[in-house]
Amino acid sequence: MSVLQPFRRPHRAVAVVFLLSLAASACASTPQKTISHLDDRDPKYSSQECLDARNIALKYDDKTLSRMGMGAGLGLLLGPFGVPLAGVADMSQNDKRELINKEIERRCVTPR
């Protein structure tokens, strides 16, 4: 069986691209989940910098409903071509989550 065999049938190619984009978009956890795993006994946890980072994380909106609507709309409007576009939008949101998570770690976790 060839690696490219699933791409010989268009509906399978669309499914593969959709699943890959879905997997790529779900890499970074939400900032709210990140702050829930912080150790409140860490000396940095009670600092003003950490408090500011935690407030940013609490205010962060993942816009899940609008992203789902956009993905469905692009899929219906553009068919198989809309799936990668929705995946690109999800990847940018993933990058934003990752940046916020790194900032939380920098401000709230003492290196060991």
Side-chain angles (χ1 to χ4, degrees):
M1 181 172 159
S2 170
V3 174
L4 298 176
Q5 191 169 0
F7 294 104
R8 292 185 184 161
R9 295 191 180 118
H11 64 282
R12 285 190 181 174
V14 170
V16 168
V17 170
F18 177 74
L19 290 174
L20 289 175
S21 66
L22 184 64
S25 69
C27 292
S29 66
T30 63
Q32 291 89 353
K33 191 177 283 188
T34 301
I35 63 171
S36 71
H37 294 313
L38 291 175
D39 183 11
D40 60 353
R41 295 172 295 186
D42 191 312
K44 282 185 150 185
Y45 185 83
S46 58
S47 71
Q48 185 62 41
E49 280 188 332
C50 182
L51 181 62
D52 294 341
R54 287 183 282 147
N55 284 333
I56 289 170
L58 289 174
K59 292 176 185 174
Y60 173 77
D61 181 16
D62 208 23
K63 298 179 179 88
T64 305
L65 189 58
S66 65
R67 284 189 2 245
M68 286 175 50
M70 182 180 66
L74 285 172
L76 291 172
L77 184 65
L78 301 175
F81 300 110
V83 175
L85 294 174
V88 168
D90 277 349
M91 281 194 272
S92 68
Q93 193 68 25
N94 187 49
D95 291 342
K96 187 175 181 179
R97 283 191 304 262
E98 204 170 303
L99 284 173
I100 293 172
N101 288 338
K102 285 181 182 178
E103 191 63 20
I104 291 168
E105 186 174 333
R106 186 185 72 76
R107 293 182 180 195
C108 300
V109 178
T110 304
R112 296 176 190 216

Going by salt bridge (Lys or Arg N to Asp or Glu O under 4.0 Å), name the residues that satisfy it together with Asp52, two or more places apart in sequence or in a different chain.
none
Ile35 CD1 to Asp40 CG distance, which is reported to the nearest 0.5 Å:
12.5 Å
Which heavy-atom pair separates Lys44 from Arg107 by the least distance, and what is that distance?
CB-O, 3.7 Å
Which atom names give the shortest non-hydrogen contact between Asn101 and Pro31, and what distance separates them?
OD1-CA, 3.3 Å
Any chain of hydrophobic side-chain contacts (each under 4.5 Å) joining Leu58 to Leu51?
no
Where do Cys108 and Asp42 land on the side chain to side chain contact (heavy atoms under 4.5 Å, CB included) test, with the steps shown first?
CA-CA 8 Å; Cys108 300; Asp42 191 312; over 6 Å; no
Across all chains, not counting sequence neighbours, the side-chain contact (heavy atoms from CB on, under 4.5 Å) partners of Glu105 are Val109
Listed partners of Arg54 passing salt bridge (Lys or Arg N to Asp or Glu O under 4.0 Å), at least two apart
none
Note, Ser29 side chain near Arg97 side chain (heavy atom, < 4.5 Å)
no
Holding to salt bridge (Lys or Arg N to Asp or Glu O under 4.0 Å), I want the full list of residues that pass it with Lys33, two or more places apart in sequence or in another chain.
none
Minimum heavy-atom separation for Ile100 and Tyr60, please, with both atom names.
CD1-CD1, 3.5 Å
Please enumerate all residues that pass side-chain contact (heavy atoms from CB on, under 4.5 Å) together with Ser47, with sequence neighbours excluded.
Glu49, Cys50
Sequence-distant partners of Ile56, side-chain contact (heavy atoms from CB on, under 4.5 Å), two or more places apart
none
